[in-house]
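What follows is a short report on a single structure.
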2 protein chains.
Amino acid sequence: MTDSLALDGRGPLHEQIRRAVCAPIISGAWPPGRRVPSEHELMALFGASRMTVNRAMRTLADDGLIVRRRRTGSVVAAATGDRAVMSIGSIRATVEAGDQTYSYESLARRHARASDDSAGRFKIAAGTPLLNLSCRHFAGGRPTALEDHWINLAAVPEASDEPFDKTPPGEWLAARLPWPKSQYVVTALNAGAAMAKLLDLAPGTACLKIDRRSWRNGVPAAFVTTLYPGTGHALTGEVAPP
Amino acid sequence: MTDSLALDGRGPLHEQIRRAVCAPIISGAWPPGRRVPSEHELMALFGASRMTVNRAMRTLADDGLIVRRRRTGSVVAAATGDRAVMSIGSIRATVEAGDQTYSYESLARRHARASDDSAGRFKIAAGTPLLNLSCRHFAGGRPTALEDHWINLAAVPEASDEPFDKTPPGEWLAARLPWPKSQYVVTALNAGAAMAKLLDLAPGTACLKIDRRSWRNGVPAAFVTTLYPGTGHALTGEVAPP
DNA sequence: TGCGATTTGTACGTATGTATT
DNA sequence: CAATACATACGTACAAATCGC
C-alpha cells in the first residue's frame with residue numbers, strides 16, 4: 001500500500017507523477033514527516049527520467065507539500081496554517097463584475113509632509129513630501145468604498161501632476177507600479193460619524209478596513225486605506241493543493 | 001536599452017536569468033503586453049542552454065509576470081489585481097507567537113442534520129449528519145476568538161468519537177485533513193449581545209468574521225466561522241514579486 | 001578527522017510534439 | 001503547408017549537502 005502509486009495517463013508525465021505523489025499526502029495516508037520516495041525510486045517506479053521526476057517533486061516542494069533535503073531525502077511537510085490567496089482586485093473591477101455601474105468621486109487632494117498625521121505609519125524620513133488623496137467609489141450610484149491614499153512623492157513624483165479627478169488613484173498607481181511589493185493588514189472597525197455619512201450607513205456599523213503598504217525598489221511608495229461596509233463587501237480567498 | 005539585461009553572478013544561473021528578465025518588468029520599463037525575448041534569444045544573450053532559460057521563464061509564468069504562448073512568444077502580463085497571500089495559522093499559534101498563554105474552552109457540542117440552522121450554507125444533502133461545535137479561545141486569560149464548527153460526519157466520521165473538550169476542533173481537523181481545498185470569506189460585523197458577552201466587548205463592536213469552507217476529496221468536510229474582536233486581531237498578507 | 005555513499009540541485013545537449021500564425 | 005516558439009522528455013554530468021563509518 002505504501003507504494004500503490006499509479007499514473008492516470010492524463011496530461012504530461014510530470015503532472016501525472018506530481019498527482020500520484022500528491023494523492024497520499026492530501027489524503028493523509030502519508031502523514032507529515034513521512035519519507036517520500038527518492039527520485040531514483042520514482043524513476044524506477046514510473047520509468048521516467050530523473051529530470052521529469054525532479055520537476056514533479058520540485059513543484060510539490062514549491063507548493064509546500066514536501067520538504068526536500070539533500071542526502072536525507074524528501075518528507076511530507078508539516079501542515080502549518082493555511083496560506084490563502086486573496087484576490088484583491090481594483091474596486092472598479094469588483095463593482096463591474098457584479099454588473100453594476102461604477103463611478104468615482106474625488107473628495108480631497110492635498111500635499112503634506114511625512115511625520116504629520118497618519119503619515120507616521122509610513123516609515124520614511126520626516127519631511128518627505130506626500131500627496132494625500134481621499135476618494136469615494138460608487139456601485140450603481142450607492143457608495144461602496146472609501147479610500148485614503150498617501151503617495152510618497154519622492155518615489156512617485158509624477159503623481160504631483162495628476163489631478164485624480166477622473167482617474168481613481170488606485171488604478172493610476174497600479175498602472176505605474178506594476179507588481180510592487182505590498183503588505184496588507186485587514187481589520188474591522190466601527191464607522192465613525194463622518195465615515196458613516198459618506199458610506200450612507202448608520203454610525204457604528206462594522207466596516208472592513210484594508211491597509212496596504214507598497215514599495216517600489218525597496219522605497220515606500222504608497223500607503224492606502226480602503227474601507228468597505230462590512231456587510232456589503234467580502235474579501236475572499238482560496239487554498240487549493242494543485 | 002531594450003536588451004541591457006545582465007546577470008549578476010549570484011546564485012544559480014536560472015535564478016539570475018529570472019531576475020534579469022524580472023527587473024524591467026517590475027520597474028515598468030517593459031509595460032504589459034510588451035514582448036519578452038524568446039528562449040532562443042535569451043540562450044544567445046546569456047550563453048545558457050534552453051532548459052535553463054526555459055526554467056527561468058516558466059517560473060516567471062507561474063508567478064504571473066509573463067504570459068507564454070506558442071508561436072507568438074511571451075509577453076509581459078497585465079497587472080490585474082493583487083493576489084495577496086494571507087497566512088491563516090491556528091489560533092493557538094497566533095496567540096503563542098505573541099508570547100501569551102493560550103487556552104481553550106468548549107462551549108457546546110451537539111449533533112445536527114443538514115438543512116437545519118446555519119448548515120444550509122453547506123451544500124450537502126439534507127439529512128446529512130453534522131457535528132456542531134462552539135468554542136472560545138483565550139490569550140493570556142482574555143477571550144480572543146469565538147469559533148463555530150460544522151463538521152460533516154459523512155466525510156469525517158471519526159469526529160463522532162472525539163469529545164473536543166481538550167483539543168480545539170481546528171487543530172483536530174488540521175491534523176486529519178492536511179491540505180484540504182478551502183475557501184475563505186472575510187467580512188466585518190457588529191457583535192450581537194451574546195457574542196459581545198463571550199468576547200468581553202461592548203455590544204455592537206466591529207468584529208472580523210472569517211468563514212472557511214473546506215473539502216476533502218471533493219466532499220464538503222467542515223464549515224467554520226471564526227470571530228475576532230476587530231481591534232484585537234488582523235489578517236495580514238503579502239504580495240512580493242520574487 | 002577524513003572518506004565514501006546517498007540524495008537532491010543545477011546545467012548541459014538533444015529530440016520530438018504541439019499550438020499558432 | 002511551413003515556420004516559429006513553447007512544452008515535454010530523455011540521458012548525462014558534476015556539484016553541494018549530509019549522513020554513517
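Order of the sequence lines sets the chain letters (A, B, ...), proteins ahead of strands, with each chain counted from 1.
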* Between the side-chain atoms of A:R50 and the base atoms of C:dT10, is any donor-acceptor pair under 3.5 Å? -> yes
* Asked: Which one of B:H40, B:E41, B:R35 satisfies the side chain to side chain donor-acceptor pair (under 3.5 Å) criterion with B:S38?
  -> B:E41
* To do: Using the side chain to side chain contact (heavy atoms under 4.5 Å, CB included) rule, pick out the option among A:L130, A:V224, A:L133 that qualifies with A:I151.
  => A:L133
* Output yes when at least one side-chain N/O atom of B:R55 is less than 4.0 Å from OP1 or OP2 of C:dT10, else no. => yes
* Structure fact -> Checking C:dT8, D:dC10, C:dA11 against the side chain of A:S74 (C-beta onward), the nearest is C:dT8
* Asked: Want to settle it: does A:G47 or A:R70 sit nearer the 5' end of DNA chain D, counting the closest nucleotide to each?
  -> A:G47
* Asked: Does A:R68 put a side-chain nitrogen or oxygen below 4.0 Å from OP1 or OP2 of C:dG9?
  -> yes
* Asked: Taking CD1 from A:I66 and P from C:dT7, how many angstroms apart are they, rounded to a whole number?
  -> 14 Å
* With respect to the phosphate group of D:dA5, does any side-chain polar atom (N or O) of B:T72 fall under 4.0 Å of OP1 or OP2? -> no
* Asked: Can you find a side chain N or O atom of B:R69 that sits less than 4.0 Å from OP1 or OP2 on D:dA5?
  -> no
* Mind calculating the distance between CG (A:N54) and P (C:dA11) to the nearest angstrom? => 12 Å
* Separation of C:dG17 P from A:L13 CG (nearest whole Å) -> 16 Å
* **5' priority, DNA chain D, between B:G73 and A:H14 [closest heavy atom]** => B:G73
* State plainly whether the residues B:R68 and B:E39 are in salt-bridge range, i.e. N to O under 4.0 Å. => yes
* Asked: Could you state the CE-P distance from A:M51 to D:dC14, rounded to the nearest angstrom?
  -> 16 Å
* Asked: What is the distance, rounded to the nearest whole Å, between atom CG of A:L42 and atom C1' of C:dT8?
  -> 13 Å
* **Selection from D:dG11, D:dC19, D:dA3 that lies nearest to any side-chain heavy atom of A:R71** => D:dC19
* Asked: Do A:D211 and A:K209 meet the salt-bridge criterion of a basic N to acidic O distance under 4.0 Å?
  -> yes
* Asked: Atom CG of B:L60 and atom P of D:dA5: how far apart are they, to the nearest Å?
  -> 18 Å
* Spacing between B:H40 atom NE2 and C:dA15 atom P, to the nearest angstrom -> 13 Å
* Basic-acidic side-chain contact under 4.0 Å: A:R18, A:D63 -> no
* Asked: Quick one: B:E15 CD to C:dT10 C1', roughly how many Å, whole number?
  -> 11 Å
